[in-house]
Amino acid sequence: MLRMGKGVALMLGCLMALLAGVPGATAASKAATFAHEYDDTLPPIGFVDYCQRNPDSCLPAHGKQRRVSMTDEKWLLVRMVNAFVNGAIAPVTDETLYGTAEYWTLPTDAGDCEDVVLLKKKILESKGVPAEALRITVVLDEHGEGHAVLSLVTSRGDFILDNRRNEIRDWQATGYTLLKRQSAQDPRKWVSLEPARDGQAIGGTASK
């Protein structure tokens, strides 16, 4: 079973204690739109390897909240978790940490963009955000390089949690080209977000 490092868990516990006494924050200022999903596509090879090593983390949740309704308190939770993990996990490549180009894992104090996404997803699920609404997503950044982010699929639109910024943005305001993400029906399956790239296996690269 994957576990968060003691330091990360302790810091998160303190953060959540503070959250209990903070008034609800204002939600996103305007409704975003929904990213269009096309056909099934290949998952990133690093994700396939991760699921082979951690099968319990990749099982379908069998829930029905594929688009979660967000309250002010939930928006505050999401923003705090996003900022907390961004600050707690130092950006380091898989090559540096593990001596391999692609290795997805739950980080303790350092990791690349995929590792950060896994930790955010795990924490938010533990705080009651439905797993179906939290989908690992592969994008091309403004420099045309692969990158991984976490999509938060809400009743008001799709929003992006990114290790490169603490601000939660709707998917059209990131400057990224969304390529593919996990399916809501089965997290082991992936769907294309760009029809021209159907079937193309693309993995995220480490955040700099």
Side-chain angles (χ1 to χ4, degrees), residues 2 4 12 15-16 19 24-41 43-44 47 50-51 54-86 89 104 106 113-139 147-174 176-194 204:
L2 285 172
M4 291 178 284
L12 180 62
L15 188 66
M16 291 301 104
L19 175 63
T26 303
S29 58
K30 62 179 181 179
T33 56
F34 302 103
H36 188 80
E37 295 184 349
Y38 295 89
D39 295 332
D40 292 345
T41 190
F47 174 78
Y50 172 78
C51 287
N54 306 279
D56 290 346
S57 297
C58 300
L59 296 176
H62 301 298
K64 297 181 180 180
Q65 286 189 274
R66 295 172 183 171
R67 291 179 178 175
V68 63
S69 296
M70 298 294 289
T71 62
D72 284 350
E73 289 75 17
K74 285 180 181 177
W75 278 118
L76 179 58
L77 170 67
V78 169
R79 284 200 296 270
M80 292 182 75
V81 169
N82 188 59
F84 163 73
V85 176
N86 286 352
I89 306 302
W104 293 34
L106 200 68
C113 53
E114 297 96 350
D115 304 334
V116 169
V117 166
L118 290 172
L119 182 56
K120 290 177 183 178
K121 181 175 171 67
K122 181 178 179 66
I123 293 173
L124 288 171
E125 286 178 8
S126 75
K127 298 302 176 183
V129 180
E132 299 92 335
L134 297 165
R135 306 180 202 170
I136 304 171
T137 304
V138 172
V139 305
H147 182 47
V149 295
L150 184 63
S151 288
L152 173 65
V153 182
T154 81
S155 57
R156 297 183 57 206
D158 295 352
F159 295 85
I160 299 297
L161 282 66
D162 192 352
N163 68 325
R164 298 179 179 178
R165 61 177 69 97
N166 291 336
E167 179 187 4
I168 308 297
R169 296 184 182 181
D170 74 72
W171 68 278
Q172 291 183 308
T174 60
Y176 299 153
T177 299
L178 276 63
L179 300 180
K180 56 186 177 180
R181 71 184 179 191
Q182 290 177 294
S183 166
Q185 291 80 6
D186 187 342
R188 297 165 297 188
K189 297 181 179 179
W190 286 58
V191 292
S192 174
L193 300 175
E194 271 221 326

Of all heavy-atom pairs linking S155 and F34, the shortest is O-CZ, 3.6 Å
Which of these, R188, Q182, K189, sits in a side chain to side chain donor-acceptor pair (under 3.5 Å) with D186?
R188
Provide the closest heavy-atom pair for W104 versus P44 in the form atom of the first, atom of the second, distance.
CZ2-CB, 3.9 Å
Rounded to the nearest 0.5 Å, what separation is found between the OH atom of Y50 and the CG atom of L106?
6.0 Å
Point-to-point distance, once rounded to the nearest 0.5 Å, from CG of L150 to CZ of R181
10.5 Å
What I'd like to find out is whether the side chain of D158 reaches to under 4.5 Å of the side chain of R135, using heavy atoms alone.
no
Shortest non-hydrogen contact between S192 and T41, atoms and distance:
N-CG2, 3.6 Å
Apply the salt bridge (Lys or Arg N to Asp or Glu O under 4.0 Å) test between E125 and each candidate in K121, K122, K127; give the one that qualifies.
K121
Side-chain donor-acceptor contact under 3.5 Å, Q172 with T33
yes
In this structure, CG of L152 is separated from CD1 of I160 (nearest 0.5 Å) by 8.5 Å
Which value, rounded to the nearest 0.5 Å, describes the distance between R156 atom CZ and W75 atom CH2?
6.5 Å
Working for side chain to side chain contact (heavy atoms under 4.5 Å, CB included), residues K74 and V68:
CA-CA 10 Å; K74 285 180 181 177; V68 63; 4.0 Å; yes
Kindly indicate whether the side chain of L77, heavy atoms from C-beta on, has any atom under 4.5 Å from the side chain of L124.
yes
Checking side chain to side chain contact (heavy atoms under 4.5 Å, CB included) for the pair T177/L193: CA distance, chi angles, key distance, verdict?
CA-CA 9 Å; T177 299; L193 300 175; over 6 Å; no
Do the side chains of D72 and L76 get nearer than 4.5 Å, heavy atoms only?
no
Side chains of V149 and W171: closer than 4.5 Å at any heavy-atom pair?
no
Nearest heavy-atom pair of N163 and V116: which atoms, and what distance?
CB-CG1, 3.7 Å
Quick one: does M70's side chain get under 4.5 Å of F159's, heavy atoms only?
no
Any donor-acceptor pair under 3.5 Å linking the side chain of N86 with the backbone of N82?
yes
Report the C-alpha distance between T174 and V139 in whole Å, list the side-chain angles of each, state the deciding distance to 0.1 Å, and finish with yes or no for side chain to side chain contact (heavy atoms under 4.5 Å, CB included).
CA-CA 10 Å; T174 60; V139 305; over 6 Å; no
Are any of the side-chain heavy atoms of E132 and V153 separated by less than 4.5 Å?
no
Between I123 and V85, which heavy-atom pair has the shortest distance, and what is it?
CD1-CG2, 3.8 Å
In Å, rounded to the nearest 0.5 Å, how long is the span from NE2 of H147 to OG1 of T137?
10.5 Å
Is the backbone N or O of V81 less than 3.5 Å from a side-chain atom of K120, with the two atoms forming a donor-acceptor pair by type?
no
Do D115 and I89 have side-chain heavy atoms sitting under 4.5 Å apart?
no
Please report the closest heavy-atom contact between L59 and P187, naming both atoms and the distance.
O-CG, 3.5 Å
Heavy atoms, side chains only, cut-off 4.5 Å: are Y176 and D162 in contact?
yes
My understanding is that only one of R165, R164, R169 makes a side chain to side chain donor-acceptor pair (under 3.5 Å) with E167; could you say which?
R169
Please round to the nearest 0.5 Å and tell me the distance separating atom CD of E114 and atom CG of L119.
13.5 Å
